[in-house]
Amino acid sequence: MRCLTNIAKHPTILLIQSRTTLKELKQIHTQLLVNGTFNNPHFHAQFIATIALHNPINLHYSNYLIHHHNHHKPNLFTLNSMIRAYSKSTTPHKSFYFYNNILNSSNNLSPDNYTFNFLVRTCAQLTVRVTGFSVHAALIKHGFEYDPHVQSGLIFMYAEMGCLNSCHVVFEGVQNPDLVCQTAMLHACAKCGDVDFARKMFDEMPHRDFVVWNAMVAGYAQCGRSREALDLFQLMQMEGVKINEVSMVSVLSACTQLGALDQGRWAHAYLEKNNIRMTVTLGTALVDMYAKCGNIDKAMEVFWGMKEKNVYTWSSAMGGLAMNGLGRESVELFSVMKKDGVHPNEVTFISLLRGCSVVGMVEEGRNHFESMRKLHGIEPQFEHYGLMVDLYGRAGRVEEALSFINRMPMKPHVGAWIALLHACRMYKNKEIGEFALKKIVEVEAKNDGAYVLLSNIYADYKNWEGVNKVRETMKTKGVKKLPGCSVIEVDGEVHEFIVGDKSHPRYDEIELKIEEISRCVRLAGYVANTSNVFFDIEEEEKEDALGRHSEKVAIAFGLISLKEGVPIRVIMNLRICWDCHDVAKMISKFFKREIVVRDRNRFHHFKDGECSCKGYW
DNA sequence: CTAGGGTTAG
């Protein structure tokens, strides 16, 4: 055992941990063969395991070493390490090859608690329940049902599969759950939608190390409770808990969701100042944060500065470009990615198709969609079909969008119909719009967004009867419209405005500003675009209702609270309304202020009276 | 010193 410990600290092993290139590995390998270090079976095992664990990119090299330089039969340590490495790879099923290797080995190996711990993690990756159940059965057969390592793994596996009950069952069977096991259970609760229970566990734990803190912060961030994530992180700092790159990934993710650019910038500065290890994951989180907080230039600067990028990084950058209206750049980045030898996955194609869609590159988008199956072996999912509908629809080819839906190999999902309905709204197509709504409510009787869209189409035609009919239907069915909500960050503090809520301490000043805006805009001869007002009310009242949309309130607040020249950044939960969009353009001109709005679909950068979306919503 | 926490879309 002493011997193994020393080997783990062997300079060559440490070198592998910090380097990744295949070329260097080959050099090291040759050297070790020559000087005879490989004659030590322990070293050989540790060498392969280290490559597998620290250089997942070069997993095939560990494989090669096992098969072609096999002076020694791989031992359990090596095989377990391979299972572990593959459980985290993009091809987790290959773990089973090594599991079978253990079972069929000629040198009497039998799986141990590590084997099963890693194997259940493989099942967690695969999320194929049947596989998970059979591995569970196998480990019971081998007598590891009550092994603490295996139990932690099982909790993790069932969490990934969404079986919180099974997690509880396993957890209750644990004699004295240690920190690792408790962390797994906490993670499971957060993952399966019971963060509050996770927090309860967290609060009741007598000893908490920094991994537990990280799990809790991540738990909040992943379920969208970003504020609580940031609050807990702050507490973490105050308590002097160790902070590493994993903590920062969660912090950045929370900032991304809140659109809190200032806090995101602070986090970026923090991790540079504290020499936090820049991993691919952390870099990706940074790129995503800048992109989704409206600073796409900075996002790309970070992106190009990253030494190592994976498919997440590329997809994230492409998605960010698309979201910011830079569709062409997104498509170009896709070619660069392929040249770089990175294989796209299904998410990459979502980013790519969005890129095509926002700039109306219909043919290009269709070609890429076709290439998914033919060139990349990726079966398009319903999201991809939905984006194709969007692609045709945005470009005004509403009929083609409809016929595309009708040719889908699966039952069109609500999202596809919604995309069509948006196109109908944009191009004022009443007939297809009515048809789309019918299809939507067949599945989701209470889809408020769909009713509102159809109502808007009627309003465009000044068909108040139609508007009223929609309103009546909604009333009888009990459909409630989701209230608009906009947030804006001022001096690192996030202010939230919900439509109709006047509780903000500076609401009176905001009101005055809105009136000033209205005056300016009217002087310029602008007539409000009132078709976004849902109910048939008097024109004047309508303008008033429009004047109080949450996005406009947030912009007004930005005007009074941010220094001149500082861009106003607003994040909202719905798509920006047409009138607010027009008014924002004018504000950007009259008040000489840049405005960046991230709505639920994309970014709108308003400058000198123009918007970056150029009509492509 | 083979276990636990993290990134892309919807």
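Quick caveat: nothing in here was measured; it's all calculated off a predicted structure. The chains referred to below are lettered A, B, ... by the order of the sequence lines, with proteins before strands, and numbering in each begins at 1.
For B:dG10, one of the phosphate oxygens OP1 or OP2 lies less than 4.0 angstrom from a side-chain nitrogen or oxygen of A:R354. Close to B:dA9, at under 4.0 Å from its OP1 or OP2, lies a side-chain N or O of A:K292. At the phosphate of B:dT7, OP1 or OP2 sits under 4.0 Å from a side-chain N or O atom of A:Q222.
A donor and an acceptor atom never sit less than 3.5 Å apart when one is taken from the side chain of A:Y114 and the other from the base of B:dT2. Put simply, the side chain of A:S316 and the base of B:dT8 share no donor and acceptor less than 3.5 Å apart.
Whole-Å rounding puts the A:I83 CD1 to B:dA3 P distance at 14 Å. Computed from coordinates, the A:L321 CG to B:dT8 P distance equals 16 Å when rounded to whole Å. Spacing between atom CZ of A:R84 and atom P of B:dT2 amounts to 9 Å, rounded to whole angstrom units. Rounded to an integer number of Å, the gap from A:L230 CG to B:dG6 P is 17 Å. The distance between atom CD of A:Q125 and atom C1' of B:dG6, rounded to the nearest whole Å, is 13 Å. Rounded to an integer number of Å, the gap from CD of A:E346 to P of B:dA9 is 12 Å. Straight-line distance from the NE2 atom of A:H368 to the C1' atom of B:dA9: 18 Å, rounded to whole Å. Rounded to whole Å, the distance from CE on A:M289 to C1' on B:dT8 is 15 Å.
Residue contacts shown for A:D288 are limited to sugar-phosphate atoms, with no base heavy atom under 4.0 Å away. A:N113 comes within 4.0 angstrom of no nucleic acid atom, judged by non-hydrogen atoms across all strands. Within the nucleic acid shown, A:F349 has no heavy atom closer than 4.0 Å to any nucleic acid atom. Within 4.0 Å (heavy atoms only), A:V212 reaches at least one base atom of the nucleic acid. Within 4.0 Å (heavy atoms only), A:F156 reaches sugar-phosphate atoms of the nucleic acid but no base atom.
When each of B:dA3, B:dT7, B:dG10 is scored by its nearest atom to the side-chain atoms of A:E383, the top-ranked nucleotide is B:dG10. The side chain of A:R121 sits closest to B:dA3 out of B:dG6, B:dA3, B:dT8. For A:H149, the side-chain atoms get nearest to B:dA3 when compared with the rest of B:dT7, B:dT8, B:dA3.
Of the possible polar contacts, none joining the A:H142 side chain to the A:F144 backbone as a donor-acceptor pair under 3.5 Å is found. Proximity of a side-chain donor or acceptor of A:R208 to a complementary backbone N or O of A:F202 within less than 3.5 Å is detected.
In this view, A:E160 and A:K191 satisfy the salt bridge (Lys or Arg N to Asp or Glu O under 4.0 Å) rule, not counting sequence neighbours. Applying the salt bridge (Lys or Arg N to Asp or Glu O under 4.0 Å) test to A:D297 and every residue at least two apart in sequence or in another chain returns nothing. For the salt bridge (Lys or Arg N to Asp or Glu O under 4.0 Å) test, residues two or more places apart in sequence or in another chain that qualify with A:E204 are A:K200.
Distance check: A:L109 CG to A:F77 CZ gives 13.5 Å after rounding to the nearest 0.5 Å. With rounding to the nearest 0.5 angstrom, the CG atom of A:D390 is 8.5 Å from the NE2 atom of A:H422.
At a non-hydrogen distance threshold of 4.0 Å, A:D178, A:L179, A:V180, A:T183, A:H187 from residues 178-198 of chain A come into contact with DNA chain B. Within residues 235-249 of chain A, the residues approaching DNA chain B are A:N244, A:E245, A:V246, A:V249, by heavy-atom distance under 4.0 Å. Residues from residues 277-286 of chain A that place a heavy atom under 4.0 Å from any atom of DNA chain B, listed by number: A:T279, A:T281, A:L282, A:T284.
A:Y146 OH: 12 or fewer foreign heavy atoms inside a 6.0 Å radius. Within 6.0 Å of CZ on A:R328 lie no more than 12 heavy atoms contributed by other residues, nucleotides or ligands. When the shell of 6.0 Å around CD of A:E272 is examined, it contains more than 12 heavy atoms from other residues, nucleotides or ligands.
Taking each heavy atom of A:I571 and A:G259 in turn, the nearest pair found is CD1-CA, 3.5 Å.
For A:F334 and A:F349, the ring centers sit closer than 6.0 Å to each other.
Checking A:R84 against A:Y114 by side-chain atom types alone, no donor-acceptor pair falls below 3.5 Å.
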